[in-house]
S.K.: 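My structure is below; once you've seen it, I'll send some questions.
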4 protein chains.
Amino acid sequence: MLDAADDLLVERGFSGVTMEGIAVRAGVAKQTIYRWWKSKVDILLDTLVDDAEQPLAWRPGSSPAAPEEELTDQLGRVAAFLQEPAGQVLLSLIGHAQLDPETAAKLRDGFLREQRERDLAGLGALLARHTGRPVDERLTGRLLDAALGPIFHQALVLGRPADPATLATTARLVLDAAGREPVPGAGRSSDAE
Amino acid sequence: MLDAADDLLVERGFSGVTMEGIAVRAGVAKQTIYRWWKSKVDILLDTLVDDAEQPLAWRPGSSPAAPEEELTDQLGRVAAFLQEPAGQVLLSLIGHAQLDPETAAKLRDGFLREQRERDLAGLGALLARHTGRPVDERLTGRLLDAALGPIFHQALVLGRPADPATLATTARLVLDAAGREPVPGAGRSSDAE
Amino acid sequence: MLDAADDLLVERGFSGVTMEGIAVRAGVAKQTIYRWWKSKVDILLDTLVDDAEQPLAWRPGSSPAAPEEELTDQLGRVAAFLQEPAGQVLLSLIGHAQLDPETAAKLRDGFLREQRERDLAGLGALLARHTGRPVDERLTGRLLDAALGPIFHQALVLGRPADPATLATTARLVLDAAGREPVPGAGRSSDAE
Amino acid sequence: MLDAADDLLVERGFSGVTMEGIAVRAGVAKQTIYRWWKSKVDILLDTLVDDAEQPLAWRPGSSPAAPEEELTDQLGRVAAFLQEPAGQVLLSLIGHAQLDPETAAKLRDGFLREQRERDLAGLGALLARHTGRPVDERLTGRLLDAALGPIFHQALVLGRPADPATLATTARLVLDAAGREPVPGAGRSSDAE
DNA sequence: TTATAACCGAGACGGTACGTCGCGTCTTAGT
DNA sequence: ACTAAGACGCGACGTACCGTCTCGGTTATAA
């Protein structure tokens with residue numbers, strides 16, 4: 001059933017994914033689908049969990065590598081992921097989340113929250129290695145936005161893959177900012193990260 | 001008709017905007033709507049053009065003002081805009097663009113392209129004032145992504161308004177990067193901006 | 001305009017005759033049509049008056065001719081008329097009269113009433129010549145129904161042209177009945193003719 | 001659903017019978033109607049089969065009764081039927097058959113063909129009892145037209161119930177013609193009955 | 001070994017919205 | 001003054017999916 005949904009999304013786009021269509025393609029009764037999922041969104045969320053976690057994982061710091069190259073690589077993997085079918089599922093769900101609060105809640109409380117935790121851990125470790133000291137989590141959060149923001153901006157708003165130059169610029173920006181930041185978290189109170 | 005569509009979007013969300021509903025609320029025949037717009041997306045695109053240009057305009061450089069404050073203010077206006085009804089229209093359309101290529105094409109070839117041109121001009125001018133020399137347009141493009149990316153990332157992916165700390169961090173990042181960049185556009189060839 | 005309506009009826013059938021279509025075909029604005037006719041039915045009624053009277057006229061008794069042959073000829077003309085375009089207009093209007101009381105009223109108070117008067121006069125004269133004495137008008141009415149009934153029955157109900165044998169049988173029946181009828185109109189009171 | 005259609009026809013006439021209206025009145029979804037019938041004409045055809053067969057049946061010859069009275073009674077039942085709601089359905093469908101060939105085909109290949117067979121059998125038996133010998137079927141057909149023609153002519157063309165005098169005249173005409181017809185079917189070749 | 005229940009495919013059902021057609025009325029330019 | 005052109009409010013069309021709801025017909029134990 002997950003496969004049927006996935007295939008339909010690739011072949012016919014999000015609006016081509018219908019409970020009716022999935023049922024026919026999977027050779028299954030609609031009722032059977034409703035027994036397991038409340039809506040097509042829930043189905044796609046399940047495919048996302050299956051297909052997205054691994055490609056978005058932070059590689060375990062091939063230790064002596066330059067942090068900048070490491071970060072650029074990771075951003076490159078994110079950008080590449082968004083071009084694949086599983087990435088299209090994510091973009092579709094983020095898209096649909098703009099139109100439907102329930103989708104938004106499920107997506108953000110589920111996959112996106114977990115992925116952000118993984119990203120915070122990955123980026124935090126990388127920055128610590130880079131600066132030689134632990135990094136404030138709120139700062140890491142802001143730098144994560146600075147790192148992922150351009151990629152998602154290009155994908156969601158401009159509708160094109162992030163180009164390598166942007167990725168490199170972004171990585172350098174983030175690392176510079178992390179190095180320059182004086183005392184971790186000192187005195188900053190308006191941070192809502 | 002545009003108002004009716006706008007109101008429905010605010011009251012009932014994107015899926016609550018139906019041709020049928022607009023017609024009833026505007027006291028108009030469906031056919032009349034179809035005579036002027038091909039779909040509800042086109043209607044919303046028109047409301048966008050009406051309502052989004054002015055709030056997103058770059059203020060004409062209150063001359064001696066610090067560029068960092070100026071940029072932070074502009075980013076704040078963008079973030080604030082996304083919280084307003086007109087901003088919800090934009091976010092909805094960007095969301096729908098993920099689900100429907102035709103929407104994507106219209107949105108990007110229309111409003112988004114024009115807005116990006118205004119943004120490039122605005123940011124370019126600001127950077128030139130900041131650095132004291134003209135700035136390469138491709139660099140400006142990348143820095144624009146760096147500036148807007150976090151805001152849209154927070155809005156679209158995390159579903160929350162961008163916090164002031166993020167805006168300030170982002171503005172500083174962008175200006176630092178512009179100042180550091182040695183020779184405008186020198187030697188870079190993989191730039192697809 | 002009458003021609004346009006006529007043509008459309010022949011080419012596309014009654015439901016293919018639309019005010020919109022007549023206007024386009026006649027190169028005329030709808031409003032102009034409404035200035036002269038209230039509906040497409042009225043237009044067709046006008047074409048009927050133009051095209052039906054002459055073909056349905058009773059030939060002026062080629063005197064010594066056998067009445068039976070004369071009557072058969074007249075019935076043949078009626079049957080043939082119903083096969084022609086003008087006859088199709090009549091059948092269509094009679095058909096539509098079953099569905100719409102207003103059409104029924106206009107058709108019966110107009111063309112059909114006048115045609116029935118011509119038929120009564122024609123048949124009455126023929127019967128008088130045949131029997132050698134004047135014929136009661138109510139009897140003539142009943143015999144007119146007996147004469148036309150089978151033709152319209154075949155056309156409207158069975159959907160086929162009346163065959164010559166039926167016409168001959170019918171003509172003989174009618175003349176026999178007229179000859180046998182003892183005293184014109186004597187004693188009959190329930191006649192509503 | 002059939003009842004809803006029937007009621008609407010009586011209350012609002014043929015053009016007041018709409019799929020939309022039937023659905024609302026029957027408390028049913030439009031799609032459900034379309035699942036079972038292609039058009040409102042098919043629905044009315046079904047009501048016809050339910051409601052018309054019995055009232056139009058030939059009574060089984062209360063044996064010694066005078067054939068003339070028997071035939072007059074039968075014609076009276078036909079005339080009375082056309083005044084009832086079920087008869088209005090028949091007249092409407094015959095009317096619509098003049099406007100739409102598909103309706104014509106369905107009506108004539110279905111109900112009308114079957115009813116004609118029943119009529120031929122009924123009239124044939126009556127004539128055989130009257131004349132004392134079997135009657136040629138083609139002759140029976142012509143006499144059936146002679147019998148029913150005036151009734152339908154009055155209903156469809158003149159728009160009024162057939163009066164008793166006409167029915168009596170018609171019955172006598174038909175029986176006289178049957179008695180006089182010398183040798184069943186002898187020599188007649190142009191008969192297309 | 002049989003019964004009995006859980007589960008399934010199939011698809012009918014009441015709905016909502018779709019995008020289209022023709023209606024009859026109206027407004028607007030152009031001659 | 002009258003026209004063609006066509007926009008307008010309207011009501012119905014026939015279609016696509018929605019999510020809910022019976023239906024029989026398997027399996028797959030439990031008696």
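Values below: all heavy atoms of this structure, side chains included; hydrogens, waters and symmetry mates excluded.
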S.K.: Take K38(B) and T18(C), find for each the nucleotide of DNA chain E with the closest heavy atom, and name the residue whose nucleotide sits nearer the 5' end.
M.R.: K38(B)
S.K.: Please enumerate all residues that pass salt bridge (Lys or Arg N to Asp or Glu O under 4.0 Å) together with R25(D), with sequence neighbours excluded.
M.R.: D7(D), E11(D)
S.K.: Provide the start and end nucleotides, 5' to 3', of the part of DNA chain E that has atoms under 4.0 Å from heavy atoms of chain D.
M.R.: dA12(E) to dG15(E)
S.K.: R25(C) CZ to dA4(F) P: how many Å, rounded?
M.R.: 17 Å
S.K.: I need the CE-C1' distance between M19(D) and dT15(F), as an integer number of Å.
M.R.: 13 Å
S.K.: Quick one: list whatever passes side chain to side chain donor-acceptor pair (under 3.5 Å) with S39(C), sequence neighbours left out.
M.R.: D42(C)
S.K.: Taking it one step at a time, do I94(B) and F152(B) satisfy side chain to side chain contact (heavy atoms under 4.5 Å, CB included)?
M.R.: CA-CA 10 Å; I94(B) 292 175; F152(B) 279 93; 4.0 Å; yes
S.K.: Drop me the distance from T18(C)'s OG1 to K40(C)'s NZ, to the nearest 0.5 angstrom.
M.R.: 7.5 Å
S.K.: For the CZ atom on R12(B), are there more than 12 heavy atoms of other groups (residues, nucleotides or ligands in this structure) within a distance under 6.0 Å?
M.R.: no
S.K.: Hey, are the side chains of K106(D) and L45(D) touching, using non-hydrogen atoms and a 4.5 Å cut-off?
M.R.: yes
S.K.: Got a sec, which residues hit salt bridge (Lys or Arg N to Asp or Glu O under 4.0 Å) with E53(B), two or more places apart in sequence or on another chain?
M.R.: R118(B)
S.K.: Write down the distance between CD1 (I33(C)) and C1' (dA5(F)), rounded to a whole number of angstrom.
M.R.: 13 Å
S.K.: Would you please name every residue forming a ring pair (Phe, Tyr, Trp, His ring centres under 6.0 Å) with F14(B), sequence neighbours left out?
M.R.: H96(B)
S.K.: Which nucleotides of nucleotides 6-11 of chain F have their base under 4.0 Å from a protein heavy atom (B), which only their sugar-phosphate (S), and which neither (-), written as one string 5' to 3'?
M.R.: -SBBB-
S.K.: Closest nucleotide of DNA chain F for S39(A) versus for V17(D): which of these residues is on the 5' side?
M.R.: V17(D)
